[in-house]
Amino acid sequence: MDRGLPLGCPTGVTETQTALTTVSMQFYIRSSGNISPQNTFGQVPFLAEAVVSGPGKFSCLEPDYRQYIDAKMIRRMSRIIKMGVAAAQECLKAAGLQMPDAIITGTAYGCLEDTGLFLTKMVEQQEELLTPTAFIQSTHNTVGAQIALMLQCHNYNNTFVHRGFSFESALLDAAMLLGERPASQILVGGLDEITGYSHELLSRLGLYKGAGSRGSAGLFSGQSSGTIGGEGACFFVVTGSRREGDWASVDAMTTFYKPDSMQTTCRYVDSFLDSQGLAPADIDLVITGRNGDFRGDEIYRHLLKDVLGNPCHIPYKHLCGEYPTSTAFAIWLAARILQSGSVPAAAGTGPAKTIRRVLVYNHYHNIHHSLFMLTAC
Amino acid sequence: MKRQIIEQLNMQDITPEDIGDDQPLFVEGLGLDSIDALELIVLLQQHYKIKLSNADDGPKVFRSVRTMAEYIMAHQAQNA
């Protein structure tokens, strides 16, 4: 059935049984609301100064939520719910949009603080006298639901919980909806929080660098394992119908799961570029998901050198830390760079020319790999 | 009890002095809702070992801080 997709969606690239499927489409980022460990929320200059973390975790800089959320609602909301709702509100405001045609969220951990609270009370109180609020708010779709409640929005509402593909799945869903109705304006976001409990547990599994590390400022120095835990809530208004002032265009995206070798990863990235009719030289900037763990960073090094021919590249996790939906921050960064045409010093060193095309490549634990191609509007 | 209510319901920017003894807790007054009612039932169980067995008693018991206090005292006198 012809659904009238902007550029034909999806386009399969079939090579072998485990071939990459690239979704070629074009949709536009109209606005964003981003609560992150950097000064990214509201009308602020684009990464004027890098905020650095100490060892341990990289927590978000949070606004005064009372400006965005009714006092009667705020008392029930945990931190991630407030972050998500405020980021969504800011995003809608920036787009001049009162009622989105869909609300789609992606989160791996969901409302972790409320989950921890509820489980702790279950243990402490021998599974009796449990308060309802933490239980009600602990589900993964709470943020999407709260946004809909605040807006009284009865349109499509979905939440994707797929570990390192959560935000990617949300964005793919938005792209497919836009394929059916290009004029729609969809609110889509990725969010995850790090709590005391989760940081402690994930530290025990060796995911993070120890207390002796230099935090985000020293993330890429030396050859050590582990990274820095991060968090964020980043929303976008996306549409298939371009308008003056849109930030950037997302031209294609793909994901691949547990590649069996470095060669497979390289082949998939090569195939992604092929599907867009692009050569490495056509890309002005690559944003990579390097996170300071030498085991995973080796993949980026290999790819940049052997497949992409040492292009101009910058990382992004020294700005937001590592978390399963960090690609939402990466897309925000790419879109802002394309909007301004250059890389802010806080993010890294960009090319001398105006940036028109950006490739974002991230992998989460070498399990969930994702690629996005964005161009300037 | 006012302090316990504020803590249980995470009522930010409200002090015990802001809650009148006879002020309605639900809808008008403090503006509590059905989820808060469940929280108050848990509060009674946790702090006063009172289990509200008859749901029909809810609106009467939770009308105000005074009615809650009277219910607790009556229950304690009954079990003394």
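Keep in mind the model is a prediction, meaning the values are calculated, not measured. Each chain gets a letter, A, B and so on, in the order its sequence line appears, and its residues count up from 1.
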More than 12 non-hydrogen atoms from neighbouring residues, nucleotides or ligands closer than 6.0 Å to CD on B/Gln23, yes or no?
yes
Residues in salt bridge (Lys or Arg N to Asp or Glu O under 4.0 Å) contact with A/Asp192, at least two apart in sequence or another chain:
none
A/Leu130 vs B/Val42 side-chain heavy atoms within contact, under 4.5 Å
no
Top contributor to chain A contacts, counting heavy-atom pairs under 4.5 Å, from B/Glu39, B/Gln45, B/Gln46
B/Glu39
Non-hydrogen atoms of chain A under 4.5 Å away: do they reach the side chain of B/Asp36, the backbone, both or neither?
both
Taken to the nearest 0.5 Å, the spacing of A/Thr133 OG1 from B/Gln8 CD works out to 8.0 Å
Neighbour count >12 (heavy atoms, 6.0 Å) for atom NZ, B/Lys2
yes
Would you find more than 12 non-hydrogen atoms of other residues, nucleotides or ligands less than 6.0 Å from B/Phe26 atom CZ?
yes
Check the pair B/Leu9, A/Arg75 against side chain to side chain contact (heavy atoms under 4.5 Å, CB included), reporting the backbone distance first and the verdict last.
CA-CA 7 Å; B/Leu9 305 182; A/Arg75 68 187 169 89; 3.5 Å; yes
Give a yes or no on this: more than 12 heavy atoms of other residues, nucleotides or ligands lie within 6.0 Å of atom CD of A/Gln98.
no
Spatial distance of atom CD1 (B/Ile41) from atom CG (A/Leu129) [nearest 0.5 Å]
11.5 Å
Quick one: what part of A/Gln125 sits under 4.5 Å from any heavy atom of chain B, side chain, backbone, both or neither?
side chain
Taking the side chain as every heavy atom from C-beta outward, state whether A/Arg76 and B/Ile35 have any pair of such atoms under 4.5 Å apart.
yes
OH of A/Tyr68: more than 12 outside heavy atoms within 6.0 angstrom?
yes
Let me know if A/Ile136 has heavy atoms under 4.5 Å from chain B in its side chain, its backbone, both or neither.
side chain
